[in-house]
Every structure is written in structure tokens, then in C-alpha cells.
Amino acid sequence: MEITITAFGIAKDIFRTSALPIELEDNSSVDMLKQELERRFPELAKLKSYAIAVNETYAANDVLIKPADTVVIIPPVSGG
Amino acid sequence: MKSIDIQIKSSALSLEEQLAFVSDEASGGINVFVGNVRNQTKDKPVIKLEFEAYIPMAIKEMELIATEALSKYAINKISIQHRIGTLLPGETAVIIVVGSAHRDDAFRACRYCIDTLKKTVPIWKKEFFEDGAVWVAAHP
């Protein structure tokens, strides 16, 4: 399946786009997505941390991604 | 009556508006936290900050913080507003107002809200210096 990852903050700079298309096997987990992202963008591993949000909620590594999900990469937040 | 006010704005925040929302006769104590843009970071002058947010999720996470604060502390009303876009030193990025019967819970809830907001709400700031710019807190 192909999904599009929306990126904010430094993740947008690393991807060089705010909407990254990515090909994943069906029923891939958040963890598998992170591995694929880090393979393509080694700079991600240098961040303090980053999270994946699925449908506007922080997603644990074992959450499975469905084709219609809204998937967003959340680099370290710095509001306030 | 609604006890939570959460907003993300691209224009200036209004402490008066938030105070008006939180004020009621049940609240003898109102605590306010105002977060402003500082003019320097590690001795380097800051020219401006740019804030961006993943707005729908940021609103949800701020609502979660306010709901949690209402259940953890004896408070009546809470308003959390955050600004996005370009801000100059001295301008206000965030205002939290908490009303409570007694001051102690208002202080504690206000602190809980700003501390948690900084950890969980998907908002990012980029600091611009004379010689470049960095996303705050991105790297260890």
C-alpha cells in the first residue's frame, strides 16, 4: 500500500517535503514505518526522539497502519 | 456551562478575553501563566521565532491536558491558548488561565498545564539568529 506521511518542523526539512509518499507492505506497523523512514532518511535517527501520530493520536510501535489512516511524523515538540 | 477554552491563533492572544472566560463567582483564585518570546538563547540574540502546529492534534492534546487538570485539581475553569506564526521577542506565545476556589490548586494546575503542553502538544518553534536558524529541542 502507498501512504502519505505528513511532516512538520525539522522532519519537513529532513524529508524536503511536508507530504512524503511511502510504499509499505499491507498491515505494516508503526515500528516498520519508522524503520523504513530511518533507512531512507538516516538523519531521523539523530533526532532526540520522534513519534508517529495515526489519526491525530500518538501511536505505539505495534499499531498497524491502514491505507486510509492519517499518518503524521511528530519530531520533538517545542511549544510554549 | 463550558469549563474549557482551547484555541490556537495566528493573531495576538488576549489575556483579557481568557480572564473573562475563566472568571466566575465560584473562583476566588485565578492563576495566569504567560509565555513570551525571549530575546536570547545561550547568549545569542534571537531575531524572531516561527511557531507551527499540527492544529487538529494540538487542539486534541491541549483538550486532554485541560480535562486531566480538571480531574486532578480542584479547579473550575481553564483556558489555554497558543499562538502560531512569526513572533518577535517580547510577544506572547502562550497563555494559560486557571480559576479555582482556592489559590493552591490554581497554581498547581497552571504549572501542570504548561509543563505537559511543552512535552506533548505538537507545536514546534524555529529560532532565528543573525547567522542562521534552528528547530528548538530537535537534537540531543
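By convention in this document, chain letters (A, B, ...) are assigned in the order of the sequence lines, proteins followed by strands, and residues within each chain are numbered from 1.
One hydrophobic cluster, built from ILVMFWY side chains closer than 4.5 Å, cannot hold both B/Ile59 and B/Val97; they sit in different ones. A continuous path of Ile, Leu, Val, Met, Phe, Trp and Tyr side chains, each step under 4.5 Å between heavy atoms, connects B/Ile80 with B/Ile75, placing both in one hydrophobic cluster. In terms of hydrophobic clustering, with Ile, Leu, Val, Met, Phe, Trp and Tyr side chains grouped at heavy-atom distances under 4.5 Å, A/Val72 and A/Ile14 are assigned to a common cluster. Note on A/Ile10: it clusters hydrophobically with A/Phe41, by side-chain heavy-atom contacts below 4.5 Å among ILVMFWY residues. Both B/Leu49 and B/Val121 are assigned to one and the same hydrophobic cluster, defined by single-linkage of ILVMFWY side chains at heavy-atom distances under 4.5 Å.
In terms of heavy-atom pairs under 4.5 angstrom with chain B, the leader among A/Ala11, A/Gly80, A/Pro76 is A/Gly80.
Looking at B/Val136, the atoms closer than 4.5 Å to chain A (heavy atoms on both sides) sit in the backbone and in the side chain alike. Contacts between B/Ala58 and chain A at a heavy-atom distance below 4.5 Å are absent for every atom of the residue.
Residues A/Ile74 and B/Pro122 approach most closely at CD1-CB, 4.1 Å, considering heavy atoms. Nearest approach of B/Pro140 to A/Leu47, heavy atoms of both residues: CD-C, 4.0 Å.
Every residue was checked against the salt bridge (Lys or Arg N to Asp or Glu O under 4.0 Å) condition with B/Asp5, not counting sequence neighbours, and none meets it.
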Write out the donor-acceptor pairs between chain B and chain A under 3.5 angstrom, atom names and distance to 0.1.
unit_1   : atom_1 : unit_2  : atom_2 : d
B/Glu52  : OE1    : A/Lys12 : NZ     : 2.9
B/Glu52  : OE2    : A/Gly9  : N      : 2.7
B/Lys60  : NZ     : A/Glu56 : OE1    : 3.0
B/His82  : NE2    : A/Gly80 : N      : 2.8
B/Thr120 : O      : A/Tyr58 : OH     : 2.5
B/Ile123 : O      : A/Ser78 : N      : 2.9
B/Ile123 : O      : A/Gly79 : N      : 3.2
B/Trp124 : NE1    : A/Pro75 : O      : 3.0
B/Trp124 : NE1    : A/Pro76 : O      : 3.4
B/Lys125 : N      : A/Ser78 : OG     : 2.9
B/Lys125 : NZ     : A/Ser78 : O      : 2.9
B/Lys125 : NZ     : A/Gly80 : O      : 3.0
B/Trp135 : NE1    : A/Asp13 : OD2    : 2.7
B/Val136 : O      : A/Ser78 : OG     : 3.4
B/Ala137 : O      : A/Lys48 : NZ     : 3.4
B/Ala138 : O      : A/Lys48 : N      : 2.8

